[in-house]
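Beneath this line is the structure, given in structure tokens, with notes to follow.
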2 protein chains.
Amino acid sequence: MNIQFSKSTDYALHALLHLAHSKLHQNIGIKELSAALGVSESYLSKIMSKLRQDGIVRAVPGVNGGYELARPAEQITFLEVIQVIEGRQQLFECSNLSSQQHRLLAEDGAGESQRKSECLVKRVMDGAEQHLYQYLREHTIQSVLDEVFKQSNHAVNKK
Amino acid sequence: MNIQFSKSTDYALHALLHLAHSKLHQNIGIKELSAALGVSESYLSKIMSKLRQDGIVRAVPGVNGGYELARPAEQITFLEVIQVIEGRQQLFECSNLSSQQHRLLAEDGAGESQRKSECLVKRVMDGAEQHLYQYLREHTIQSVLDEVFKQSNHAVNKK
DNA sequence: TATATAGTGGATATTATAGGTCTATAATAA
DNA sequence: TTATTATAGACCTATAATATCCACTATATA
Ligand code: SF4
Ligand code: SF4
């Protein structure tokens with residue numbers, strides 16, 4: 001039973017949100033992050049390392065060091081974060097490529113020169129992936145933050 | 001690195017396609033399915049069992065027994081098959097529910113009576129899930145089969 | 001320059017799950 | 001009754017997620 005984002009993705013998103021939320025201060029140390037999220041420092045730092053390697057955050061070691069966003073929060077999409085943490089494999093990968101059925105579905109109908117060796121099943125699934133990705137591309141760390149502020153104001157006004 | 005459909009889902013879809021494609025014959029035995037897909041009988045029968053338990057195929061044991069679709073192929077959606085095999089957990093499940101940050105994001109802004117204890121992150125992810133599901137609901141075993149026929153005719157005409 | 005601070009990367013432990021096999025049992029047709 | 005076929009469950013293995021620990025490196029600043 002796959003098809004679930006890992007906890008690491010969860011943590012990564014929350015960490016980035018924390019960084020974006022307190023961007024007034026330069027650097028947020030792993031201790032503060034760890035405390036805010038309730039995740040161990042060791043494990044969280046692994047995740048932060050990945051985010052750094054992919055240019056989503058910057059890290060500075062030494063006294064008063066820590067992490068900060070490498071880019072404006074509007075430019076960090078959900079899709080990007082997910083792909084960094086989960087990897088970039090496809091949602092659906094054919095595992096029947098040498099089966100009788102594959103020959104029937106993929107090589108039978110389709111003209112040889114067009115999309116060779118891909119049947120409709122694969123194409124439907126790839127479509128699903130693109131659909132999902134498009135949605136995740138449209139949502140950024142900043143867009144979540146905006147909503148939080150909007151709600152806060154609302155709550156204050158009601159008082 | 002999650003976020004990938006399991007092979008079982010792959011096999012299930014292909015098996016159903018095979019059943020739908022040869023629905024003239026009453027029952028397709030596990031042997032024929034196994035041969036068509038190139039998957040061991042033992043493993044495939046497990047998958048077929050699941051499909052039966054959820055009312056997607058019917059099975060009859062005994063001589064000349066086998067499987068057939070329990071419903072017309074137009075009524076079997078990709079989503080359904082996927083959910084039977086992969087389970088019905090959500091794409092994203094909060095793992096920070098007792099963290100400092102959760103209190104900040106979820107309980108701070110939102111009015112108490114509305115959606116309690118759900119922040120924007122969760123809502124974005126749930127939106128993604130719904131988006132994906134909608135797409136998968138729109139594609140059925142039959143719709144794939146139709147395309148196969150269309151292509152075949154095309155190929156024949158060209159000759 | 002010395003030193004405390006803070007991130008990095010590797011090794012390692014612990015589970016959980018996917019993926020797969022095998023066998024005993026139950027149901028069915030001939 | 002007997003041959004055939006599906007079912008359920010026990011069982012195994014390899015891989016991956018989750019997590020911790022430690023030795024190392026880089027930096028600010030006193
Ligand atoms: S191309 Fe189609 S038939 Fe071939 S393995 Fe992929 S999904 Fe299956
Ligand atoms: S509701 Fe939001 S802040 Fe709370 S755990 Fe879920 S995603 Fe995180």
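Within every chain, numbering begins at 1; the chains are lettered A, B, ... in the order of the sequence lines, protein sequences first and strands thereafter. Atoms considered below: every heavy atom in the structure, side chains included; atoms not considered: hydrogens, waters and symmetry mates. Model, not experiment: these values are computed from the prediction.
The listed nucleotides are C:dA30, D:dA8, C:dG7; the one nearest the side chain of B:S49 is D:dA8. You'll find that the side chain of A:P61 is closest to D:dT27, out of D:dA6, D:dT27, C:dG19. Side-chain atoms of A:Y11 lie closest to D:dA19 of the nucleotides D:dA19, D:dA6, C:dT5. Here D:dA19 is the nucleotide among C:dG7, C:dG9, D:dA19 with the atom lying nearest to any side-chain atom of A:Y43. The side chain of A:A59 lies closest to C:dT8 when the candidates are D:dT29, D:dA6, C:dT8.
B:L33 has its CG atom 12 Å from the C1' atom of D:dA6, to the nearest Å. Rounded to whole Å, the distance from CE on A:M48 to P on D:dT18 is 17 Å. The separation between B:L44 atom CG and C:dG19 atom P is 14 Å, rounded to whole Å. Rounded to whole Å, the distance from CZ on B:R58 to P on C:dT28 is 14 Å. B:F5 has its CZ atom 17 Å from the C1' atom of C:dT17, to the nearest Å. Between A:I30 atom CD1 and D:dT27 atom C1' there is a gap of 17 Å when expressed in whole angstrom units. Between the CD atom of A:E41 and the P atom of C:dA6 there is a distance of 10 Å, rounded to whole Å. As a whole-Å value, the separation of A:K50 NZ from C:dG10 C1' is 15 Å.
Using the six-membered ring where Trp is involved, A:Y135 and B:H131 have ring planes that are tilted, between 30° and 60° apart.
Residue B:Q53 places at least one side-chain N or O closer than 4.0 Å to OP1 or OP2 of D:dA8. Of the side-chain N and O atoms in B:S40, one or more sit less than 4.0 angstrom from OP1 or OP2 of C:dT21. A close approach under 4.0 Å does not occur between any side-chain nitrogen or oxygen of A:R52 and OP1 or OP2 of C:dA6. Not one side-chain nitrogen or oxygen of B:S6 sits closer than 4.0 Å to the OP1 or OP2 atom of C:dT17. Residue A:S45 has no polar side-chain atom (N or O) positioned under 4.0 Å from OP1 or OP2 of C:dG7.
Note on B:S42: a base of the nucleic acid sits closer than 4.0 angstrom, heavy atoms only. At a threshold of 4.0 angstrom between heavy atoms, the contacts of A:G65 are confined to the sugar-phosphate backbone, with no base atom among them.
A donor-acceptor pair is defined here as one N or O able to donate and one able to accept, closer than 3.5 Å; no such pair exists between the side chain of B:E86 and the backbone of A:I3.
A:E147 has its side chain out of reach of B:V124: every pair of non-hydrogen atoms, C-beta onward, lies at least 4.5 Å apart.
Nearest heavy atom pair, residue B:R103 against residue B:S98, reads NH1-O, 3.5 Å.
Side chain to side chain, B:E32 and B:H18 meet the donor-acceptor criterion of an N or O pair below 3.5 Å. A donor-acceptor pair shorter than 3.5 Å cannot be found between the side chains of B:Q134 and B:Q130.
Judged by distance alone with a 3.5 Å cut-off, a donor-acceptor contact links the side chain of B:K46 to the base of C:dT21.
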